[in-house]
Enquirer: 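So that we are looking at the same thing, I have put the structure below in structure tokens.
Side-chain atoms are counted along with the backbone in the values below, which use heavy atoms only and exclude waters and symmetry mates. Chain identifiers are assigned alphabetically (A, B, ...) following the order of the sequence lines, protein sequences preceding nucleic acid strands; residue numbering begins at 1 within each chain.
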Number of protein chains: 2
Amino acid sequence: MISEKAVKPQIFAQLSRIGKAVANGNRLELLEFLAQSERSVESLAKVANITIANTSQHLQTLRQCGLVTARKDGQKVYYRLSDRRVVALLSIMRELAEDHLADLEKLISIYLTSRDGMDPVPAQELLRWAREGSVTVLDVRPVEEYSAGHLPGAVNIPLKELEANLSLLPPSQEIVAYCRGPYCVLAFEAVARLRAKGYRARRLEDGLPEWQLAGLPTERGVVA
Amino acid sequence: MISEKAVKPQIFAQLSRIGKAVANGNRLELLEFLAQSERSVESLAKVANITIANTSQHLQTLRQCGLVTARKDGQKVYYRLSDRRVVALLSIMRELAEDHLADLEKLISIYLTSRDGMDPVPAQELLRWAREGSVTVLDVRPVEEYSAGHLPGAVNIPLKELEANLSLLPPSQEIVAYCRGPYCVLAFEAVARLRAKGYRARRLEDGLPEWQLAGLPTERGVVA
DNA sequence: ATAATATTCAATTAAAACCTTGAATACACG
DNA sequence: CGTGTATTCAAGGTTTTAATTGAATATTAT
């Protein structure tokens, strides 16, 4: 039974559980990966570069407040976002942080050299061009993430295999590359390398999760 | 200078500062009040029922990550939300919490008895009716919050003075009451009391901050 | 000037969060 | 039926956060 008095603080305490869940950098990174696709504990630990036990604990924290769900298949446990709105939560946090935290801006300028030098394409614009077929959409994420969902008609060439698979890209057409999101370097790298090879390349402003959140169409499972 | 290696974790650490800011119930309550209007430290401490020193500290943590700004006037310091998107952040947190935290639902059912029994009016619907003049819009928040911004044409009768000012309300027309937001009891109380007096009363689904966030029109400073 | 008020600062204590380590569990495979 | 693998659990030490208290600062009013 819940104590009768002072219910209002208890309500805010419950709300703060969502806040606590996103109050840790490692958990945020895990959420960013989970926004791409379902993943096992081990695989998350590897990409986020934290120990397995620690990863497991963070995932449980996230699960206890309903931000992710778990599914067991064989000996592995697969986690996924419970709700598309989790991406919305992360997006707003990112917007607020970028506009109000000077330290973040500084970090971004280091990490994402010349963020605006790759003239980012807004989602709506890309959608229009893609429908006209006047642009090649390039997904540079790993295969597993691509097959869990990707932009309609996108060609998947993981960044590591970009140089070896240039033949899949029409040499004359403009290329728009995208990856996990605003803080993912894959698309930046891809654009830089493609330009060095003489391609006309730009990058999508956001990543796949934001595209989905905006209600724009995606495809699943098709391997190009 | 920032260490060259491992910039990605540092970016997420910065993002997590926003999370930490909303990871405490008292701070969330403060933000809810600030979403209504600018307020001084003392006034916030009083309504939130926490000590002044503690309130000041919480406000400083909020300011350090840019969620609120401060302005000094005379001997008082007035805080306000720095950004309308802070309301969006809180809204998403609330949605996620309500859908995924069973404990919260339980608390709400205690605190907001018969939440749906007052058939809440969606914002868009109220806007239409209000323009037709077929409904009386009632703001039951304190005067200061009302004058900082309110729904167009809304009559302000703070809950405490409701019984004494019933004459301001047309007896036959339907009344829609609103207050601070989904967890504010003022409108609930008002609807209950009005119904007891024979009025036809309902409540707005959300409060003023959510109304503003949706881009719907408001008025300022007019005292009805 | 002096006193009163509003806010912040600084120091302390208690509580919670974070990560590591090593063991335990649960399932699949040979 | 044992062995290997994936994950979780439990215990620990360290760091961070929260709230209290009392003093310090700054501004207004007398």
Enquirer: Mind calculating the distance between NZ (B/Lys46) and C1' (C/dA6) to the nearest angstrom?
Expert: 15 Å
Enquirer: Is the closest side-chain heavy-atom distance between B/Val176 and B/Leu138 below 4.5 Å?
Expert: no
Enquirer: Within the 4.0 Å limit for protein heavy atoms, which parts of nucleotides 19-30 of chain D are touched? Write it as a string from 5' to 3', B for base, S for sugar-phosphate only, - for none.
Expert: SBB----SBS--
Enquirer: Are A/Val87 and A/Leu81 close enough, and set up right, to give a side-chain contact (heavy atoms from CB on, under 4.5 Å), and what steps lead you there?
Expert: CA-CA 9 Å; A/Val87 175; A/Leu81 294 194; 3.8 Å; yes
Enquirer: Can you tell me how far P of D/dT7 sits from OH of A/Tyr78, to the nearest Å?
Expert: 8 Å
Enquirer: NZ of A/Lys76 versus P of C/dA28: gap in Å, rounded?
Expert: 13 Å
Enquirer: Given axes from five pairs at either end, by how many degrees does the helix from C/dA1-D/dT30 to C/dC18-D/dG13 bend, rounded to 10°?
Expert: 20°
Enquirer: What's the CG-C1' distance between B/Leu62 and C/dT7, to the nearest Å?
Expert: 16 Å
Enquirer: Check the distance between C/dA26's P and A/Ile52's CD1 and give it to me in whole angstrom.
Expert: 19 Å
Enquirer: Less than 4.5 Å apart, any side-chain heavy atom of A/His100 and any of A/Glu105?
Expert: no
Enquirer: Do B/Tyr178 and B/Asp139 have a side chain donor and acceptor closer than 3.5 Å?
Expert: yes
Enquirer: Applying side chain to side chain donor-acceptor pair (under 3.5 Å), which residue pairs with at least one partner in residues 44-54 of chain A are found, sequence neighbours left out?
Expert: A/Asn54-A/His58
Enquirer: Rounded at 0.5 Å granularity, tell me how far OG1 in B/Thr61 sits from CG in B/Asn24.
Expert: 7.5 Å
Enquirer: If you draw a 6.0 Å radius around CD in B/Gln60, do more than 12 non-hydrogen atoms from other residues or ligands fall strictly inside?
Expert: yes
Enquirer: On the nucleotide D/dT7, are OP1 or OP2 found under 4.0 Å from the side-chain N or O atoms that A/Gln60 carries?
Expert: no
Enquirer: Given A/Arg94 and B/Leu15, is the side-chain contact (heavy atoms from CB on, under 4.5 Å) satisfied, shown in steps?
Expert: CA-CA 6 Å; A/Arg94 193 180 55 239; B/Leu15 287 185; 4.2 Å; yes
Enquirer: OP1 or OP2 of C/dT8 versus the side-chain N and O atoms of B/Ser56: is any pair under 4.0 Å?
Expert: yes
Enquirer: Take atom CD of B/Gln64 and atom P of D/dT17, then tell me their distance rounded to the nearest Å.
Expert: 10 Å
Enquirer: What pairs meet the side chain to side chain donor-acceptor pair (under 3.5 Å) rule with one or both residues in residues 158-167 of chain B, with sequence neighbours excluded?
Expert: B/Glu163-B/Arg193
Enquirer: Please table the atom pairs, donor to acceptor, closer than 3.5 Å between any side-chain atom in residues 32-39 of chain B and protein atoms at least two apart or in another chain.
Expert:
unit_1  : atom_1 : unit_2   : atom_2 : d
B/Gln36 : OE1    : B/Arg141 : NH1    : 2.9
B/Gln36 : NE2    : B/Glu32  : O      : 3.4
B/Gln36 : NE2    : B/Arg180 : O      : 3.0
B/Glu38 : OE1    : B/Arg71  : NH2    : 2.8
B/Glu38 : OE2    : B/Arg71  : NE     : 3.0
B/Glu38 : OE2    : B/Arg80  : NE     : 3.2
B/Glu38 : OE2    : B/Arg80  : NH2    : 2.9
B/Arg39 : NE     : B/Ser43  : OG     : 2.7
B/Arg39 : NH1    : B/Glu145 : OE2    : 2.9
B/Arg39 : NH2    : B/Ser43  : OG     : 3.4

Enquirer: Could you identify which residues of residues 27-45 of chain B place a heavy atom less than 4.0 Å from some atom of DNA chain C, listed by residue number, or say none?
Expert: B/Ser40, B/Val41, B/Glu42
Enquirer: On a heavy-atom basis, which atom in A/Pro182 and which in A/Leu112 lie closest, and how many Å separate them?
Expert: O-CD1, 3.4 Å
Enquirer: From OH of A/Tyr79 over to C1' of D/dA6, roughly how many Å is that when rounded to an integer?
Expert: 11 Å
Enquirer: Round to the nearest Å and state the distance from A/Arg17 atom CZ to C/dA17 atom C1'.
Expert: 15 Å
